S.K.: 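Okay, here's the structure, questions in a sec.
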Amino acid sequence: VTPDPGAIDRELLIAEATRVLGQNWRGTYTVPAGGLYPHQWSWDSAFIAIGLRHVSPRRAQQEVESLFGAQWDDGRLPQIAFAPGRDDQYSPGPSFWHSERIAGSPATSTAGLIQPPNHAWAALLVHEADPVESERRRFLERAYPRLVAWHEYLRARRAEPSGLLAAVHPWETGMDNSPAWDGPLARVDGSFDGVIPRPDLEHAASSERPSDEEYSTYLYLAARYRDHACDDSGESTPFRVVDPGMNALWVRSEIALARIAELLDDSSAADRHRADSRVLASALESLWDDDLTFPVPVDALTGERLRFRSVSGLLTLLVPGSPRAEQVIDTLRSEHFGLGTTAMVPSSDLTADTFDPAQYWRGPSWFNTAWMIAVALEERGHVAEARALSTGVQALALGSGFAEYVDPFSGEPRGTRRFSWTAALALDLASRDAAGLR
Ligand code: SER
């Protein structure tokens with residue numbers, strides 16, 4: 001299922017993707033999807049900005065700035081910034097979190113959890129799309145202190161002794177029901193007391209969404225974290241995992257902060273960010289598992305390695321100079337991820353017992369991870385494979401109606417449709433191709 005690059009109608013793709021982003025635009029930010037996700041999501045917005053920069057650099061800047069409006073005093077960028085009046089359309093919503101009752105929360109209503117830190121990377125790409133417009137709006141000057149505070153939150157409140165950041169909820173990893181979390185979730189002794197609202201199932205098939213059992217634990221964990229004022233103490237969570245993908249994005253964003261500091265003529269800050277990124281990159285090596293020859297998450301509460309090949313480990317390819325990158329790429333090509341033989345890259349090991357081609361992060365191929373892997377392969381000189389993957393992303397995005405995720409074998413759409421980051425990242429690849437930038 002490697003589509004022919006010549007067969008993609010790039011003009012049509014760019015026009016259709018732009019239309020999706022226009023439909024999902026809410027004046028200052030973009031919802032991930034009109035029905036299923038009716039608020040602003042953190043890492044979604046960063047990916048969306050990467051696509052929007054080709055349509056309107058100013059809108060791309062606003063997308064990121066809008067999320068900064070939801071930043072907490074401690075620097076955290078929340079997983080979700082809630083739109084007023086849509087409480088019953090998504091669970092858990094503003095009346096679950098009651099963020100206004102928590103000290104240090106912003107004026108706008110938000111979730112208390114976080115998502116992977118891809119924001120500084122996105123901010124730099126947005127700037128580079130139109131440096132003149134960026135300078136005119138003083139975009140980097142205003143974004144930089146926000147991004148520094150965000151990374152400071154991760155360092156002060158989330159870093160383990162290794163220096164790597166820990167997630168306190170599966171939602172924070174962005175890969176909610178990845179089989180990697182099955183073990184740590186099974187040890188969580190608690191479930192949500194009450195009816196489990198599932199408005200999500202009005203917009204996507206239950207066979208393609210996390211189960212009620214999973215949701216019961218998700219809501220229990222979120223309520224407990226909230227009831228401890230989102231303070232990141234040991235009591236606030238019985239779930240704490242160190243995820244390779246989240247940390248790889250942190251490294252990538254720390255490197256982007258160095259570049260942003262340089263553009264702002266602060267060379268000592270740039271040196272500091274670069275040094276920080278090197279410390280993180282070398283700590284990331286501790287996630288390497290010799291048996292699987294692959295980076296795996298660690299349960300920070302038990303120290304146990306969560307020996308599972310998830311697409312998250314492939315995201316370590318985004319870290320420049322990573323010494324084991326070629327081994328990671330070998331695994332990408334192997335029966336576990338089947339690069340070139342499946343549609344894009346599956347979210348989970350194709351050979352695992354848990355593999356399910358329809359179930360959210362337990363098998364389907366997602367467009368954001370494929371985009372990141374295509375970018376990393378290109379940077380590493382695996383140009384033919386990068387372009388084949390990029391072509392796959394573009395063809396499947398258009399062919400699936402901008403699905404949230406697809407079956408890795410058939411490319412059949414799964415989850416919701418007209419999904420913003422699918423449109424944005426396919427648009428990014430198509431625009432790069434059109435500009436001959438690749
Ligand atoms: N991925 C979550 C959901 O499905 C939100 O972050 O609702």
Side-chain angles (χ1 to χ4, degrees), residues 24 29-48 67 70 76-83 86-97 99 109-119 167-181 185 192 196-223 225-226 230 237 239 241 243 245-246 249 310-312 347-348 356 358-369 403-405 414-422:
N24 293 347
Y29 68 92
T30 310
V31 293
L36 183 54
Y37 306 113
H39 307 287
Q40 181 176 27
W41 261 259
S42 170
W43 80 323
D44 290 73
S45 268
F47 286 129
I48 291 163
L67 187 67
R76 94 180 66 199
L77 289 178
Q79 172 208 12
I80 308 171
F82 293 116
R86 296 189 207 141
D87 198 32
D88 52 354
Q89 294 172 27
Y90 180 81
S91 170
S95 65
F96 172 95
W97 282 103
S99 57
S109 188
T110 84
L113 299 166
I114 60 168
Q115 275 191 321
N118 57 344
H119 313 84
V168 301
H169 194 293
W171 286 334
E172 294 199 319
T173 67
M175 302 186 185
D176 307 5
N177 66 351
S178 163
W181 317 138
L185 286 175
F192 186 67
I196 299 167
R198 297 299 305 269
D200 57 319
L201 300 182
E202 285 170 33
H203 307 284
S206 61
S207 58
E208 300 168 15
R209 291 283 303 170
S211 66
D212 276 357
E213 291 70 38
E214 284 164 331
Y215 256 87
S216 175
T217 315
Y218 295 161
L219 290 174
Y220 167 75
L221 289 172
Y225 189 66
R226 171 201 67 196
C230 307
T237 180
F239 177 96
V241 297
D243 176 57
M246 281 185 100
L249 281 167
S310 128
V311 70
S312 167
S347 45
S348 285
D356 180 330
Q359 247 295 337
Y360 217 47
W361 289 94
R362 299 176 82 83
S365 299
W366 286 72
F367 290 86
N368 64 331
T369 50
E404 187 179 8
Y405 38 101
R414 300 286 177 248
T416 191
R417 309 293 191 272
R418 304 186 78 71
F419 189 64
S420 295
W421 84 33
T422 300

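The residues of the chain are indexed from 1 along the displayed sequence. Because the structure is a prediction, the values reported are computed rather than measured. Just so it is clear, the values below take in all heavy atoms, side chains as well, and ignore hydrogens, waters and symmetry mates. Both counts, for ligands and for their atoms, begin at 1 and track the order of listing.
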S.K.: Among side-chain atoms of His119 and Ser45, is any donor-acceptor pair under 3.5 angstrom?
M.R.: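 No, no side-chain donor-acceptor pair sits under 3.5 Å.
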
S.K.: Can you tell me how far the CE atom of Met246 sits from the CG atom of Asn118, to the nearest 0.5 Å?
M.R.: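 Between Met246 CE and Asn118 CG, I get 10.0 Å after rounding to 0.5 Å.
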
S.K.: Mind checking what makes side chain to side chain donor-acceptor pair (under 3.5 Å) contact with Glu214, not counting sequence neighbours?
M.R.: Ser211

S.K.: Using a threshold of 4.0 angstrom between heavy atoms of the protein and any atom of ligand 1, which residues qualify?
M.R.: Tyr37, Trp41, Gln79, Tyr90, Gln115, Asp176, Arg209, Tyr215, Tyr360

S.K.: Run the ring pair (Phe, Tyr, Trp, His ring centres under 6.0 Å) test against His169 and tell me which residues pass, sequence neighbours left out.
M.R.: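 His169 satisfies ring pair (Phe, Tyr, Trp, His ring centres under 6.0 Å) with Trp171, Tyr218 once adjacent residues are dropped.
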
S.K.: Could you check if a side-chain atom of Leu77 sits within less than 4.5 angstrom of a side-chain atom of Trp43, using non-hydrogen atoms only?
M.R.: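 A side-chain contact is absent here, since even the closest heavy-atom pair is not under 4.5 Å.
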
S.K.: Considering residues at least two apart in sequence or located in another chain, which fulfil the salt bridge (charged side-chain N to carboxylate O under 4.0 Å, His left out) criterion with Glu404?
M.R.: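 For Glu404 there are no salt bridge (charged side-chain N to carboxylate O under 4.0 Å, His left out) partners, ignoring immediate neighbours.
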
